[in-house]
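Please read the structure below before turning to the comments.
Only this structure's heavy atoms are used, side chains among them; waters, hydrogens and symmetry mates stay out. Labels below follow one simple rule: chain letters A, B, ... track the order of the sequence lines, proteins then strands, and each chain is numbered from 1. Quick caveat, the model's predicted, so the values are computed rather than measured.
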4 protein chains.
Amino acid sequence: MTTATLLVSCPDQKGLVAKISDWVFSHGGNILHADQHADSTAGLFLMRVEWDLENFDLARSEIDPTFKKLATEIQAKWSIQFSDYVRRIAIFVSKQDHCLYDLILRQRSHELSATIPVVISNHPDLEKVAHNFGINYHHIAISPNNKLEQEKQQLALLKQYKIDLVVLAKYMQVLSPDFLAEFPQVINIHHSFLPAFAGANPYHRAYKRGVKIIGATAHYVTDELDEGPIIEQDVIRVSHRDSVTDLIRKGKDLERIVLARAVRQHLQNRVLIYGQSANSDLGLRTVVFD
Amino acid sequence: MTTATLLVSCPDQKGLVAKISDWVFSHGGNILHADQHADSTAGLFLMRVEWDLENFDLARSEIDPTFKKLATEIQAKWSIQFSDYVRRIAIFVSKQDHCLYDLILRQRSHELSATIPVVISNHPDLEKVAHNFGINYHHIAISPNNKLEQEKQQLALLKQYKIDLVVLAKYMQVLSPDFLAEFPQVINIHHSFLPAFAGANPYHRAYKRGVKIIGATAHYVTDELDEGPIIEQDVIRVSHRDSVTDLIRKGKDLERIVLARAVRQHLQNRVLIYGQSANSDLGLRTVVFD
Amino acid sequence: MTTATLLVSCPDQKGLVAKISDWVFSHGGNILHADQHADSTAGLFLMRVEWDLENFDLARSEIDPTFKKLATEIQAKWSIQFSDYVRRIAIFVSKQDHCLYDLILRQRSHELSATIPVVISNHPDLEKVAHNFGINYHHIAISPNNKLEQEKQQLALLKQYKIDLVVLAKYMQVLSPDFLAEFPQVINIHHSFLPAFAGANPYHRAYKRGVKIIGATAHYVTDELDEGPIIEQDVIRVSHRDSVTDLIRKGKDLERIVLARAVRQHLQNRVLIYGQSANSDLGLRTVVFD
Amino acid sequence: MTTATLLVSCPDQKGLVAKISDWVFSHGGNILHADQHADSTAGLFLMRVEWDLENFDLARSEIDPTFKKLATEIQAKWSIQFSDYVRRIAIFVSKQDHCLYDLILRQRSHELSATIPVVISNHPDLEKVAHNFGINYHHIAISPNNKLEQEKQQLALLKQYKIDLVVLAKYMQVLSPDFLAEFPQVINIHHSFLPAFAGANPYHRAYKRGVKIIGATAHYVTDELDEGPIIEQDVIRVSHRDSVTDLIRKGKDLERIVLARAVRQHLQNRVLIYGQSANSDLGLRTVVFD
């Protein structure tokens, strides 16, 4: 079955559910899933609608222009994705292989509906892993001096491979604002329960603070380090018996699972970002329609 | 704000979201929450819609008859509840007080939108707790010989107090099919992760089996013991260090929280039961629209 | 059965388990539980030993002086508690009653082995709750101007009631360094997953940040606000569907459970504090021998 | 550092902690970890002691005979393992690769201290995975008719590869009592929260029952199907939105993690089995010294 998914946000007002579901229905679309949320603080209405394209009476090229009329009327931001469009992911890694293996294996077992044509790294270490699965590997060494230049190479590769989404799978490097301005679709896994232990060495700091639970956070990357909108988090219990090494080991399982869930939610068009910046009154947040 | 909530289930077919939301909208109702689910195995569509009654152009007495036309067309089972109708709960207890206190305190702090006019028990022990909060207490001793007779007394009290919902808060007695035929709205808390350790003494059996996690289950009561549709479950980790007494102590926190969540979901008209019996091909299940 | 519990910490060295368990055994004590931990970063050995006092050949008054010889040899900090000494708790509250009820009910059901002779509050609201359970209630209003003076009254009450432990059950006031210098045994519940959202209004800030999990933290109180050694933490999943009000409601269950666990661990002499300050290299941490 | 680990169980009696730790200390061993448990129902004392072998005054060949004297005195069952002995694991698989990959990658990243010289399967599907990591693969097809014969081949391979532990990583076959009599060290992962949904198709049955949480269980294999002593369990929340396919997908993460934890605990000599059969009064249980 081929489906279309509409993600839409607009100022809250009366009749939005009816108007939007009616638009789908009046064109012959059978709604499979509809979920909506009203954020009363923000005065925003957010909705996800997925419908069967069989018997839908609009050609794909007509869908956007046709919906635009309703969208303009309700002052909406919106996007429509089709289930048969397979997104292309570039995975950025450093030296750790656990998230890389995890994403590849989930993609191979059809948990992630996407292709992974390329892995990009600032280190040569994981080339063999990528090649084992027939994935191209580009080693682009980053130093403080050559960062912007090397990022241009990375961006050129993203263009060349027609990448839709970058996943930072323990990349351990900060992307520059310039990079993000040109390619904003980036998901990162941070190895702490943000906002606790933002920044470097979260496991060491968690150990020092003597917390009884550690976490991991998957979020979209923004200019503000570790402040991007959170997609998914999870935690695991630790005790005094766990050394920093144990925290790192336990955390690896969290990182894998949290990152994979976030990427899956993104690929299924379940995530809507809204708000302003993380430090504004409203915050910068996600709705995850699960 | 006063709202109406429609819970509806019907054979799955095209256009149901649009039809139902359109019905609300066409009568001037502003949809606050809409959630739906399609169970493809059962071929069923299930939906919850809550809307603001301000500006709704139907009087309350007209809503049911008016919706009936659409309901008949789509072959729906359905119910509509109003947020200003405060449900009346009878709590059945035995000797343990933790769930009783918990429900009363949540009701007092407005977590549970209901009144609790009466506590009924087969033991006199908890009379003082009920009276402390100004709640009537009826001691109806149950023995194998007088059970049906005593249940008639209980049913008379439910009528007298105009009870909408019975909550078995560690009642430790099985209600007869006759009781349930006359008063089917009953929620129970079972002190295990059902279907594990159905029946008596679940903590002792969990200890003996050496499980590493224990649980609690809130479910609607049916004629089949511990087989009613599950509303909510939760678990907690245990270890060899925990004796049966420790399992009981840890379990009490689970019982409280799981029961309270289930009662709250029920009171907010979030729970739809569907299917056949627990032993049928389809099972007897709930959708909890959270 | 009456038991003695030794909590001991000292520089790590060879033979400590044997020496300490041998000391107990050589005096006729039967060890019921022994647990130890070595923190290699701190170079510290920490141990908890609990033994049956029946047949122990030392009178209570002899135990401390006798153990002192071994303690001096191994350069230990240590304390010994007896299971028949019932600790006396003062609960400090503000206006919220959920943690107060929870602690009292757990004490009444023997989950907490202690007495609660007094509740102290900066508001009059919860007097009736305390009195219902036959507990004295002192209303000592705190304002920025009279804080130190009022704290002296509080300290006088702690003396008068022979209090061993103060539990801040949503007290919402910061104790002064002077108070803590005179009475350092204080456990607090903070309504966030520390160190995330230290300080005021954690639920509002958690909402704004869009976290997918919220938490609660029980810790000993030190001069550094929200930086005291953590005893227990727990978390619960939230989503965009949860308003700030929902976070507060869900958090109340966490607060209750986390605080009760911490108090219980403390009363059972399971918690050892070690390290320096939260901001030192080593941190200020607990071992919880569970 | 090379260590020895003693796992010991015996009838509970006075002075055991002191006697055992004294035995280690008197031979010059520095105890690194000591943990013990008394099961009062069974009247059993169980202990794990790990000590540094540097300066230990017994040669390896002398350790067993020397400890035997104390063991006989206290009527103990016991075993001693050395940390430099690397256990050899045979992984049994069927067609699913997620647990196989997981175990291999954890072994490669030194989370599991063992070697994996061979993978044995009743299907040819995963040969390439094993070969990618330089592991031998034997395809031994099992049918109802040839089972005992094929198991003899499997047992011959275990001998040939000098295997210490068999891990059933979604093997989907029941081992015969004959197999287990000859090779009893077998860990299995069952895809449910045992004892719920023992037997076949647990995810389908969990779906039908409408549970709100699913689990996985790692246990030692015994003659009684799915009744072996439990080593580790974990769970994940599900809802009506999850189809059977979703349960299977979510369950795969549980299976991986629960199996890996159990294997790791076993390899670190942290698991002691005691009791009778799962259906006896005492049960057949584990102590996991973590």
Side-chain angles (χ1 to χ4, degrees), chain B residues 35-41 46 192-198 204-219 227-241 243-244 258 261-262 271-276 278-290, chain D residues 35-41 46 192-198 204-219 227-241 243-244 258 261-262 271-276 278-290:
Chain B
D35 200 355
Q36 43 77 39
H37 176 64
D39 184 315
S40 55
T41 314
L46 308 107
S192 85
F193 179 73
L194 286 175
F197 310 119
H204 290 79
R205 288 153 63 210
Y207 179 81
K208 207 186 94 181
R209 183 63 186 89
V211 292
K212 304 302 185 190
I213 284 172
I214 58 167
T217 304
H219 62 92
E227 294 281 353
I230 294 169
I231 309 169
E232 171 65 353
Q233 303 187 292
D234 212 341
V235 296
I236 193 169
R237 191 163 276 272
V238 297
S239 80
H240 62 273
R241 290 187 190 90
S243 65
V244 173
V258 168
R261 281 189 204 145
V271 191
L272 247 175
I273 303 175
Y274 72 104
Q276 297 152 344
N279 297 314
S280 69
D281 271 1
L282 184 59
L284 185 61
R285 306 148 46 74
T286 62
V287 168
V288 180
F289 291 113
D290 54 356
Chain D
D35 201 355
Q36 42 79 39
H37 176 64
D39 184 315
S40 56
T41 314
L46 308 107
S192 85
F193 179 72
L194 287 175
F197 310 118
H204 289 80
R205 288 153 62 209
Y207 179 82
K208 206 186 96 180
R209 184 64 186 91
V211 293
K212 303 302 186 190
I213 285 173
I214 58 168
T217 304
H219 61 92
E227 294 280 354
I230 294 168
I231 309 169
E232 171 67 353
Q233 303 188 291
D234 212 340
V235 297
I236 192 169
R237 192 162 276 273
V238 296
S239 81
H240 62 273
R241 289 187 191 90
S243 65
V244 173
V258 168
R261 281 189 204 145
V271 192
L272 248 175
I273 303 174
Y274 72 104
Q276 297 151 344
N279 297 314
S280 70
D281 272 2
L282 184 58
L284 185 61
R285 304 149 47 75
T286 62
V287 169
V288 180
F289 291 113
D290 54 355

Audit row: Thr286(B), Lys212(D), side-chain contact (heavy atoms from CB on, under 4.5 Å) steps and yes/no: CA-CA 10 Å; Thr286(B) 62; Lys212(D) 303 302 186 190; 2.9 Å; yes
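- In terms of non-hydrogen atom pairs under 4.5 Å with chain B, the most contact-rich of Ala206(D), Ser243(D), Gly210(D) is Gly210(D).
- Under the 3.5 Å distance criterion, with hydrogens and angles disregarded, no donor-acceptor pair is assigned to the side chains of Thr41(B) and Lys208(D).
- Annotation: side chain to side chain contact (heavy atoms under 4.5 Å, CB included) contacts of Ala198(B) (sequence neighbours excluded): Leu194(B), Asp226(B).
- Taking CZ from Phe289(B) and NE2 from His240(D), the interatomic distance works out to 5.5 Å, rounded to the nearest 0.5 Å.
- Of the atoms belonging to Ile231(D), it is backbone heavy atoms, and not side-chain ones, that fall under 4.5 Å from chain B.
- Listed here is the closest heavy atom pair of Arg237(D) and Gln233(B): NH2-O, 2.9 Å.
- Listed here is the closest heavy atom pair of Arg241(D) and His37(B): CA-CE1, 4.1 Å.
- By number of non-hydrogen pairs under 4.5 angstrom with chain B, the leading residue of Leu46(D), Val211(D), Ile230(D) is Ile230(D).
- With a 4.5 angstrom heavy-atom cutoff, Asp39(D) touches chain B only via side-chain atoms.
- Ranked by heavy-atom pairs under 4.5 Å with chain B, the first of Asp234(D), Thr217(D), Val235(D), Asp290(D) is Asp234(D).
- Shown here are the side chain to side chain contact (heavy atoms under 4.5 Å, CB included) partners of Ala196(B), two or more places apart in sequence or in another chain: Pro195(D), Ala196(D).
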